[in-house]
Protein chains: 2
Amino acid sequence: MARIKTEKDVSRRDIIVKAAAELFKEKGYKAASMRDLAEQVGVEAASLYNHIKSKTELLHDVCFNVANRFFDHINELEASPTSTLEKIEALIRFHIRQMIENYEEVLVSDREWKHLSEPYLSNFHNQRRNYRKRFAGLIQKGVDEKQIKNIDPSTSVLIILHAITGIDSWHRSVKRISAEELEENMVTLFVEGMKK
Amino acid sequence: MARIKTEKDVSRRDIIVKAAAELFKEKGYKAASMRDLAEQVGVEAASLYNHIKSKTELLHDVCFNVANRFFDHINELEASPTSTLEKIEALIRFHIRQMIENYEEVLVSDREWKHLSEPYLSNFHNQRRNYRKRFAGLIQKGVDEKQIKNIDPSTSVLIILHAITGIDSWHRSVKRISAEELEENMVTLFVEGMKK
DNA sequence: CCTACCGATCGGTAGG
DNA sequence: CCTACCGATCGGTAGG
């Protein structure tokens with residue numbers, strides 16, 4: 001008789017993936033051991049394998065969850081009837097919010113994806129380049145429309161994306177400014193900095 | 001009879017440290033093995049230990065070399081008779097140039113320092129916080145002098161520093177813009193973005 | 001600088 | 001979900 005997946009199976013797995021994201025973020029993928037993860041979840045290391053296939057599968061899940069979220073957003077955005085500058089601002093705001101609400105997964109996806117194994121490694125790498133190319137395309141359009149200073153689009157994308165991942169320390173900051181303030185601070189620095 | 005260090009000893013060690021920086025940058029500290037490093041240097045793994053004490057010592061060397069360079073610079077800068085805005089711009093330009101000329105060491109120092117062991121870990125961590133506090137202090141001063149928009153200084157420092165480390169991909173970029181263009185692009189985005 | 005080898009730790013499996 | 005355990009790989013040492 002085939003085993004039927006209960007809801008408990010699903011949520012148990014989700015707990016493991018979430019804990020893995022935290023652990024990978026804190027220690028890095030290689031330095032985080034399955035025994036660490038098991039301890040955090042409250043089981044023996046061997047028991048994890050009733051819910052997952054491998055350590056690399058955990059990394060895969062985190063990376064592609066994040067990637068899919070960003071792709072869904074940029075697909076929607078490109079189809080929307082807004083101005084180029086509005087699209088760029090929306091893209092920046094989405095990245096900031098993802099970092100605020102979801103920073104562990106986002107950081108793991110950003111920093112640890114190189115530890116993926118093939119064919120997922122190439123796949124992820126290509127998606128990443130595609131996304132950045134589309135982002136740069138929007139900035140190029142803004143330059144062409146003379147709404148944005150004459151800056152190099154792909155460099156700007158790199159700078160902006162890395163700047164946003166930089167706010168991870170904000171989470172641990174003692175005298176925290178609010179998420180709203182943070183977002184406005186960043187948009188000021190970038191969008192105003194780019195505008196003609 | 002005590003062994004006397006010849007010049008060849010010194011340069012051999014330097015070669016190992018340099019190769020370690022490249023390897024740590026490429027694979028991450030944990031994923032880079034001493035056997036990888038030995039292969040790159042062209043000896044057996046055991047032979048490395050005639051020149052170094054441990055793997056962690058290599059990381060220590062890279063991290064503190066970089067940290068010292070930045071500290072020397074900010075010390076000199078703070079003592080110089082220039083305006084606040086000039087100091088901030090000089091600081092940004094120094095970071096950019098370090099990334100362009102020296103990016104492997106800088107990136108390892110930035111990304112892998114958490115794998116240092118005590119007491120160096122705490123030491124490095126404190127230095128890092130001190131440096132950023134002084135950088136934020138300069139921005140605060142710029143705000144007080146009404147030369148800079150009313151942004152949160154410590155958030156701005158985070159954003160700026162991460163943005164600059166973001167240009168590491170620029171090294172691998174196909175249609176490279178020049179280092180000078182890159183620097184001007186970044187200064188445009190930041191300094192202009194901050195100015196009132 | 002090499003050969004030989006160590007104890008520890010890793011991801012993962014067998015079997016219940 | 002656990003106990004018991006595997007082969008591989010790690011950083012590092014001994015001895016020459």
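Below, each value reflects all heavy atoms present in this structure, side chains not excepted, and no hydrogens, waters or symmetry copies. Every chain is numbered from 1 and lettered A, B, ... according to where its sequence line falls, protein lines coming before strand lines.
- Sequence neighbours left out, the pairs with a member in residues 75-101 of chain B that pass ring pair (Phe, Tyr, Trp, His ring centres under 6.0 Å) are Phe70(B)-Phe94(B), Phe70(B)-His95(B), His73(B)-Phe94(B), His95(B)-Tyr131(B).
- Taking atom CZ on Phe24(A) and atom P on dC10(C), their separation rounds to 13 Å, with Å as the unit.
- With dT3(D), dG12(C), dG11(D) as the candidates, the nucleotide lying closest to the side chain of Lys55(B) is dG11(D).
- Every residue two or more places apart in sequence or in another chain that forms a ring-ring contact (aromatic ring centres under 6.0 Å, His included) with His60(A) is listed here: Phe64(A), Tyr120(A).
- The NE2-P distance, from His115(B) to dG11(D), rounds to 12 Å in whole Å.
- Rounded to whole angstrom, the span from the CD1 atom of Ile52(B) across to the C1' atom of dC1(C) amounts to 14 Å.
- There is a path of hydrophobic side-chain contacts, each under 4.5 Å, that joins Val108(A) to Leu23(A).
- Note: NE2 (His51(A)) to C1' (dC2(D)) measures 12 Å, nearest angstrom.
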Please, what dot-bracket string fits DNA chain C when only Watson-Crick and G-U pairs with both distances under 3.5 Å count, crossing ones use [ ] and pairs to another strand use |? ||||||||||||||||
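- The side chain to side chain donor-acceptor pair (under 3.5 Å) search around Arg69(A) returns Gln98(A), Glu105(A), not counting sequence neighbours.
- Nearest to the side-chain atoms of Ala46(A) among the listed nucleotides dG12(C), dT13(D), dT13(C) stands dT13(C).
- Residues passing the salt bridge (Lys or Arg N to Asp or Glu O under 4.0 Å) test with Glu104(A), sequence neighbours excluded: Lys18(A).
- Contacts of residues 28-43 of chain A with DNA chain D (heavy atom under 4.0 Å): Val43(A).
- Following rounding to the nearest Å, Tyr49(A) (OH) and dC2(D) (P) show an atom-to-atom distance of 14 Å.
- Pairs engaging residues 76-88 of chain B under the salt bridge (Lys or Arg N to Asp or Glu O under 4.0 Å) rule: Glu78(B)-Arg134(B) [sequence neighbours left out].
- Residues forming a side chain to side chain donor-acceptor pair (under 3.5 Å) with Glu44(B) (at least two apart in sequence, or on another chain): none.
- One can place CG of Leu59(B) at 14 Å from C1' of dG11(D), the figure rounded to the nearest angstrom.
- When the ring-ring contact (aromatic ring centres under 6.0 Å, His included) test is applied to Phe135(A), no partner is found at least two apart in sequence or on another chain.
- In this structure, CD of Glu44(B) is placed 16 Å from C1' of dG15(D), rounded to the nearest angstrom.
- The only member of Asn123(A), Leu116(A), Leu58(A) that meets side-chain contact (heavy atoms from CB on, under 4.5 Å) when paired with Cys63(A) is Leu116(A).
- Nucleotide dG12(C) holds its P atom 11 Å from the NZ atom of Lys53(A), rounded to whole Å.
- Comparing dC1(C), dG12(D), dC1(D) by their nearest atom to the side chain of Arg12(B) picks out dC1(C).
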